[in-house]
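Working notes, beginning with the structure itself.
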Amino acid sequence: MRGTRKFWKDENGAVAPTVALSLVALIASGGIAFDYARLAAMDTELQQAADQAALAAATQLDGASGACARAAAAAASLLANETRFSNDGSGRAIAVTSESACDASGSVRFYQSYDEVTDIPGTPATTDGAAKVVIVQVSARQADYVLTPIVGAISSGNISAEAVASLSSAVCKVPPLMFCAPNPDFPQAADIGKGMLLEPGGGGTWVSGNYGYLDFGNGASGVKINLGRNNEVAACSDNDEGVPTEPGNQASVTKFLNSRFDLYEPSVTACNSSTGDFCPAENVVKDMTRIEEVKVNTNKDDPQPANPGCGHADATVKSDFAYDPTATGFSRDSNQASCTTSDNSCPKFGNKDWDEAAYVAANHPGTTASAIATAMNKTVSTLMRWDVYLWELADKANRLAAKLVSSTAEFKEQGNSGKGTWTFTNTCAYPQPKNGTGVASGTNQKDRRLLTVAVVDCTGANGKFDAKVLRFADLFLVQPSLDRGTSTGKDQIYGEIVRVAERANGQSAFQYYLRQRPRLLK
């Protein structure tokens, strides 16, 4: 009995029941924390997958045909993320439901815009060209709770994630020239080789075939300078909201573009041979001649001396280059060759049918258009002006020499001395530069007659507007911009579409054109 009373009075271990009872709550709390951590980790895994899928999809939003289908495919096929904290029996791979429709429904939805402040998408996109924003939702997953009370009897329910992305772009290191595209996918393979008669725009509504200038912040004077410079502007301009255009019909700007043809009006900066700025190309064949005068002293009774020809060291330039239809340059496409600008009936885009036979016969009588086509791995029907131009540059034997187009001769006796002077007035065509130093193309240098031009969507544009650059195209300058009677004006630009723009020789990074990167909006 004494021992029993002692036991009842012993206070050692009095907290053990309390601890035992509290363990239930402690284990429950730990279970909740463990399962919540798993749930949070699964949510993070799903969100990261949605982010990566949206970024992959956004890379395809280039406005070209099939953009929506390519974006959806990229979201579905390029996603390789796993969720390691879901145990719903569906494995680890996270998926995006495949679809190809360009609409605002399903797991991959497209919109024309997105308000980042309110997190509200704009108008749904139903065409590839209108799709600027993509919202991607990954397939829902769930986690069955492990330690939460009623073990294994409840779960997280379906948890999903979505992300919003778009393609951010900038315009870098390009000439400030743009033209309005006839469609969002221009140029495609069928457009390569077409002549383009670009008319100045900006006075009202912009239409397909209008050209204008991009304003990189230094106004009209900067446009002139950059069209004549060698490696164009160095800065980048944001393209998401569009690059401002330079207003007004600046016909004088084309004078600076003509420096690439070795033409220098009084206001045009002279060729800088050290930098190549305002310098001509190596090949400046064109429908223009200049008049030179050469005097040869002789006796009155001597026979008429031979004409010294063009480019003589003692020649005096009587008038510099002017339009001359007898100087055979590259012709226009047949549907643009005989139209007049007075009634605005000239089609802006050609049919690729130019008179290669006449050009070769006039300038290369020792060969044929067929032979040149074979040398350039082309057929006569696919031979571009750009191809012939490159063929002429590739071998010095193919390069055109100065050509005497026409000449007159006159003899004047010096008093009664029996001596006199023959004066030859020669009309000369110069396919090689005479006023400036020709710039050769190279690793970091595009040919001076190959101009990178911004292809712009001008839908609904009036006057000055923010131009959204779709892509860049390389345009071969076929003819200088000058007055040719009723057939062309000095404010028009005529070129040939060569390709979607490439870097110099396909490898150098000296020009970046349209820099694009996907970015998350949410």
Side-chain angles (χ1 to χ4, degrees), residues 64-65 179 181-198 208-209 261 281-287 325-340 345-395 397-400 403 429 431 441 446-447 449-453 455 471-480 484 487-488 492-502 505-506:
S65 178
F179 71 89
N183 57 71
D185 299 327
F186 188 88
Q188 295 182 316
D191 300 312
I192 305 305
K194 285 183 178 179
M196 292 177 55
L197 180 62
L198 300 179
S208 172
F261 283 94
E282 285 189 299
N283 184 344
V284 293
V285 60
K286 51 190 177 290
D287 54 352
T326 63
T328 308
F330 291 112
S331 66
R332 298 185 178 191
D333 287 355
S334 60
N335 66 328
Q336 300 166 319
S338 58
C339 64
T340 63
S345 63
C346 290
K348 304 298 188 298
F349 298 91
N351 55 8
K352 301 195 286 189
D353 178 28
W354 68 286
D355 199 346
E356 64 278 343
Y359 177 86
V360 174
N363 295 292
H364 301 282
T367 188
T368 62
S370 178
I372 296 176
T374 300
M376 299 304 292
N377 295 317
K378 293 285 191 77
T379 63
V380 173
S381 62
T382 61
L383 189 66
M384 296 163 53
R385 284 154 287 217
W386 172 244
D387 296 322
V388 178
Y389 177 85
L390 291 180
W391 176 81
E392 291 174 339
L393 285 177
D395 189 336
N398 299 334
R399 296 193 182 186
L400 295 173
K403 181 178 181 181
S441 61
K446 277 196 170 183
D447 191 281
R449 284 180 65 174
L450 194 66
L451 193 66
T452 302
V453 186
V455 182
R471 63 195 57 83
F472 286 88
D474 281 337
L475 182 70
F476 173 54
L477 295 174
V478 174
Q479 297 174 334
R484 294 179 177 85
S487 64
T488 184
Q492 295 175 322
I493 298 174
Y494 191 81
E496 178 183 65
I497 287 289
V498 173
R499 60 191 172 221
V500 173
E502 295 179 355
N505 290 347

Atom CG in D353, atom CG in N335: separation rounded to 0.5 Å?
8.0 Å
Are the side chains of F472 and V455 in touch, meaning some heavy atoms are under 4.5 Å apart?
no
Would you indicate whether the side-chain heavy atoms of R399 and L393 approach each other to under 4.5 Å?
yes
Can you see which heavy atom on C346 is nearest to which on L197, and at what distance?
CB-CD2, 3.6 Å
Under the 3.5 angstrom rule, does the side chain of K194 hit a backbone N or O of I192 as a donor-acceptor pair?
no
Ignoring hydrogens and geometry beyond distance, is a side-chain donor-acceptor pair present between K446 and T452 at under 3.5 Å?
yes
If we only count heavy atoms from C-beta on, is the P187 to V500 side-chain gap below 4.5 Å?
yes
Please list, one pair per line, the donor and acceptor atoms closer than 3.5 Å that link side chains of residues 380-388 to other protein atoms, with sequence neighbours excluded.
from, atom 1, to, atom 2, distance (Å)
S381, OG, T379, OG1, 3.0
T382, OG1, T379, N, 3.1
T382, OG1, T379, O, 3.2
T382, OG1, T379, OG1, 3.0
R385, NE, E496, OE2, 2.9
R385, NH1, S331, O, 2.8
R385, NH1, D333, OD1, 3.1
R385, NH2, G193, O, 3.4
R385, NH2, D333, OD1, 2.7
R385, NH2, E496, OE2, 3.3
D387, OD1, K378, NZ, 3.4
D387, OD2, K378, NZ, 2.6
D387, OD2, M384, N, 2.9

Smallest heavy-atom separation, G329 atom then Y359 atom, equals O-CD1, 3.5 Å
R471 to A64 - nearest heavy-atom pair and separation
NH2-CB, 4.2 Å
To the nearest 0.5 Å, how far apart are CE in M196 and CD1 in I497?
4.5 Å
To the nearest 0.5 Å, how far apart are CZ in R499 and CG in D474?
4.5 Å
Partner of Y494 under side-chain hydrogen bond (donor to acceptor under 3.5 Å, both in side chains), picked from Q336, Q479, R332, is Q336
Working to the nearest 0.5 Å, report the span between NZ of K352 and CG of D191.
7.5 Å
When rounded to the nearest 0.5 angstrom, what is the spacing between CZ in R449 and CG in N283?
6.0 Å
Would you mind writing out the side-chain donor-acceptor pairs for residues 364-371 within the sub-3.5 Å range, not counting sequence neighbours?
from, atom 1, to, atom 2, distance (Å)
H364, NE2, E392, OE2, 2.7
T368, OG1, A371, N, 3.1

D447 and S441: side chain donor to acceptor below 3.5 Å:
no
Look at the rings of F349 and F186 and say which category their plane angle falls in: under 30° parallel, 30 to 60° tilted, over 60° perpendicular.
perpendicular
Should I372 and V360 count as side-chain neighbours, where that means a heavy-atom distance under 4.5 Å?
yes
Measuring from atom CG of D287 to atom OG1 of T328, what distance do you get when rounded to the nearest 0.5 angstrom?
9.0 Å
Considering all heavy atoms, the nearest L475-G495 contact:
CD1-C, 3.7 Å
Distance-only side-chain donor-acceptor flag, N351 / S334, under 3.5 Å:
yes
